[in-house]
Amino acid sequence: MTIKLHNTLTRQKETFEPIDPANVRLYACGPTVYDYAHIGNARPVVAFDMLFRLLRLVYGEEHVLYVRNITDIDDKINARAKESGISIRELTEGTAEVYRADMAALEALPPSVEPRATENIAGMIEMIGTLIDKGHAYAADGHVLFSVPSMEKYGGLSRRNRDELIAGARVEVAPYKKDPADFILWKPSDDETPGWESPWGYGRPGWHIECSAMSARYLGEEFDIHAGGLDLIFPHHENEIAQSCCAHDTERMARYWVHNGFVTVEGEKMAKSVGNFYTVNDLLKDWQGEVIRYHLLSTHYRAPMDFSKEGLKEAKAALDRFYLVLRNVEVDELPDSKPDRHLVDALADDLNTPLAIARLHVLATEANKAPTRRKKAKAQAKLKASGELMGLFGSDPDAWFRWSSDAGESLSDADIEALVARRIEARKEKDFAEADRVRDQLAEAGIVLEDGAGGTAWRRG
RNA sequence: GGCCCGGUGGCAGAGUGGUUAUGCAGAGGACUGCAAAUCCUUGUACGUCGGUUCGAUUCCGGCCCGGGCCUCCA
């Protein structure tokens, strides 16, 4: 089984060859915890969770190390804490906690390590010191800056040269910069902002250095895959490469760079002013996490995707179809099964999740058409194992169909079961008018009934 | 201005140098007390103009349209 990945370094799909198959190392840029995660933050998490799951399948669960950081030192955090009158620590820990819960609801596995920037300051200071020693950085006016001209190959990932950067610069160049392209490694803090003592005075790290320091600590100087959003290619990832390669004297920081495409919401760029700013936390009030996950997986991770309520409805309908297949189990226990070969092939081909989903549908149809109980159970098991590889079908089918976004406001399970029982009685008496009346009443509350051989099943539609 | 992505049938969304994607929605049928679910059948595609080719939606080039990045936005 070989995995192919689109590598931003070469802009081509390449066969993935780990440095050490017994220790496959993946790093993804995590959130800056100043606000709840929005759907644009969720996409990379789900996409790279799929990659993590695939790597675990191919190389073994014990042989994949996935690091995703939490950025808990940042000027946006400082500003947010100040305006909401809570401490920085309260803000970052509270936000991080919600983040973990939200991502878990999306069925994203927790990363192997989730380092926080504030717990890695020493490593950053050390790295900055190394960069200064090697002539790649300089202190000026309380700041430490990376000297971009000191790196011959700067710009390789984003494919820009320094002249283009300067020509395109839209921000005023700070006076302490020797070169307009230089970027901050360390900056001074005052009494209001968090800071640490350093050889260059009391201050705090720049953004890029944290990923360089943390990836080096947990994954080594050169590792396999570095993942993140498309928008991070420049400057963030470019600068990470500069810092890491110059500090470690390496050719590469990571062998493969994978980037997810952007999300629009309801056809437009997500913005609070447009009213389409969807946070995962809010969405989870109305939709099962798996529905959100499915919607995200239904577009290839590199393509731009439009996230919409309509798309969520479609995702819900599709998952209903699968859970219907999985609910209709006629044997005591499903046999053990491996994921479908074609589905794994699709995923191994640069995470082609839409094709894999199409395969799930084919497997569902096969299960529905199976002529014998045994064959049906086998097909159902295959479907379930395949979906589970993608982080789907983790719910109990009955629980899935009972799920309600407005629990308590609508009919309770007991109410529904009482009505269903009344209708069963009516049908026994051949009082179809009464049976239909009850069914209409339930339908109005969004309950769908199915009269099957084994009795009447219900679900919230 | 520079760099980089996309434009597929009513919708979502894969893929391919010649042959059915898949799902939803639509139409017809089977099943059902009627439904639901399920199964069967079925229609509508590849932005535009050129080029390469026996043949292009698929490769190449121009153009049009949309999106992203160009110093801290996933």
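Every chain is numbered from 1 and lettered A, B, ... according to where its sequence line falls, protein lines coming before strand lines. It should be emphasised that the depicted structure is a prediction, and the values quoted were computed from it without experimental measurement.
- Rounded to whole Å, the separation between the P atoms of B:rG18 and B:rU57 comes to 11 Å.
- By the neighbour-count criterion of 12 heavy atoms within 6.0 Å, atom OH of A:Tyr138 is densely surrounded, having more than that number from other residues, nucleotides or ligands.
- Under 3.5 Å, the side chains of A:Glu107 and A:Tyr294 contain no donor-acceptor pair of N or O atoms.
- Across all strands shown, B:rG26 pairs with B:rU42; the Watson-Crick or G-U wobble distances both stay below 3.5 Å.
- In this structure, A:Arg460 forms no cation-pi arrangement with A:Phe401, as its terminal cationic atom is not both closer than 6.0 Å to the ring centre and no more than 45° off the ring axis.
- Looking at the side chain of A:Leu230, the nearest of the listed nucleotides B:rG68, B:rC39, B:rA14 is B:rG68.
- Contacts of residues 450-458 of chain A with RNA chain B (heavy atom under 4.0 Å): A:Glu450, A:Asp451.
- The nucleotide B:rU58 finds no pairing partner, because no Watson-Crick or G-U wobble arrangement with both distances shorter than 3.5 Å includes it.
- By the 4.5 Å heavy-atom criterion applied to side chains, A:Thr8 and A:Val258 are not counted as neighbours.
- B:rC65 and B:rC24 have their C1' atoms separated by 27 Å, with the value rounded to a whole Å.
- When the P atom of B:rG33 is taken as reference, atom CZ of A:Arg437 falls 21 Å away, rounded to whole Å.
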(Q) What verdict does the ring-ring contact (aromatic ring centres under 6.0 Å, His included) test give for A:His208 and A:Phe183, after you've listed the backbone C-alpha separation in whole Å, the side-chain angles of each residue and the deciding distance to 0.1 Å? (A) CA-CA 9 Å; A:His208 315 300; A:Phe183 57 90; 5.4 Å; yes
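- Across all strands shown, A:Val45 has no heavy atoms under 4.0 Å from either base or sugar-phosphate atoms.
- Residue contacts shown for A:Lys313 are absent, as no nucleic acid heavy atom lies under 4.0 Å away.
- No more than 12 heavy atoms of other residues, nucleotides or ligands lie within 6.0 Å of NZ in A:Lys4, so this atom counts as exposed by the packing criterion.
- Under the Watson-Crick and G-U wobble criteria, each requiring two contacts below 3.5 Å, nucleotide B:rU20 is left unpaired.
- When distances are taken from the side chain of A:His38 to each of B:rC40, B:rA74, B:rA36, the shortest belongs to B:rA74.
- Taking atom P in both B:rG2 and B:rG62, the straight-line distance is 13 Å, to the nearest Å.
- Rounded to an integer number of Å, the gap from CG of A:Asp231 to P of B:rC3 is 20 Å.
- By the stacking rule of 5.5 Å between ring centres and under 30° between planes, A:Phe262 does not stack on the base of B:rG68.
- Checked against B:rC34, B:rA37, B:rU22, the side chain of A:Arg439 finds its nearest nucleotide in B:rC34.
- The distance between atom CD of A:Glu366 and atom P of B:rG23, rounded to the nearest whole Å, is 12 Å.
- When the C1' atom is used for both B:rC69 and B:rA74, the distance is 13 Å, rounded to whole Å.
- Distance from the side chain of A:Pro44 is smallest to B:rA74 among B:rA21, B:rA74, B:rA14.
- Near RNA chain B, meaning a heavy atom under 4.0 Å away, the residues from residues 418-436 of chain A are A:Arg423, A:Arg427, A:Phe432, A:Asp436.
- Figure legend: cation-pi geometry between A:Lys309 and A:Tyr278, with NZ or CZ positioned under 6.0 Å from the six-membered ring centre and within 45° of its axis.
- The nearest whole Å value for the distance from the CG atom in A:Leu232 to the P atom in B:rU71 is 14 Å.
- Put simply, CG on A:Asn7 is 15 Å from P on B:rC4, counting in whole angstrom units.
- More than 12 heavy atoms of other residues, nucleotides or ligands lie within 6.0 Å of CD in A:Glu417, so this atom counts as buried by the packing criterion.
- Nucleotides B:rC49 and B:rG13, compared at atom P, are 25 Å apart to the nearest Å.
- Side-chain atoms of A:Arg459 lie closest to B:rA36 of the nucleotides B:rG6, B:rA36, B:rC69.
- Residue-to-nucleotide proximity on RNA chain B shows that, of A:Asn352 and A:Asn368, the 5′-proximal contact is made by A:Asn352.
- Residue A:His300 is classed as a sugar-phosphate contact, given heavy-atom separations below 4.0 Å to backbone atoms only.
- A:Thr8 comes within contact range of no nucleotide atom at all, as no heavy-atom separation falls under 4.0 Å.
- Between the P atom of B:rA36 and the CZ atom of A:Arg321 lies a distance of 16 Å, rounded to the nearest Å.
- Residues A:Arg422 and A:Asp431 are not paired through a salt bridge, judged by the lack of any N-O separation under 4.0 Å between the basic side chain and the carboxylate.
- Nearest nucleotide to the side chain of A:Arg11, out of B:rA74, B:rG13, B:rC4: B:rC4.
- Atom pair A:Asp74:CG and B:rC73:C1' shows a separation of 11 Å (rounding to whole Å applied).
- Using a 4.5 Å heavy-atom threshold, the side chains of A:Arg359 and A:Ser386 count as separate.
- With RNA chain B read from its 5' end, the first of the two nearest nucleotides for A:Pro235 and A:Val448 is the one closest to A:Val448.
- Between the C1' atoms of B:rA45 and B:rC60, the separation comes to 23 Å (whole Å).
- When the C1' atom is used for both B:rA14 and B:rG29, the distance is 30 Å, rounded to whole Å.
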**Q.** CA sep, side-chain torsions, deciding dist, call: A:Thr264, A:Asp306, side chain to side chain donor-acceptor pair (under 3.5 Å)
**A.** CA-CA 5 Å; A:Thr264 55; A:Asp306 186 47; 2.8 Å; yes
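- Residue contacts shown for A:His361 are limited to sugar-phosphate atoms, with no base heavy atom under 4.0 Å away.
- At a threshold of 4.5 Å between non-hydrogen side-chain atoms, the residues A:Glu14 and A:Thr10 count as touching.
- For the P atoms, the distance linking B:rA21 with B:rU16 amounts to 14 Å, nearest Å.
- Straight-line distance from the CZ atom of A:Phe322 to the P atom of B:rU38: 11 Å, rounded to whole Å.
- Remark: B:rC69 base-pairs with B:rG2; criterion is Watson-Crick or G-U wobble with both hydrogen-bond distances under 3.5 Å.
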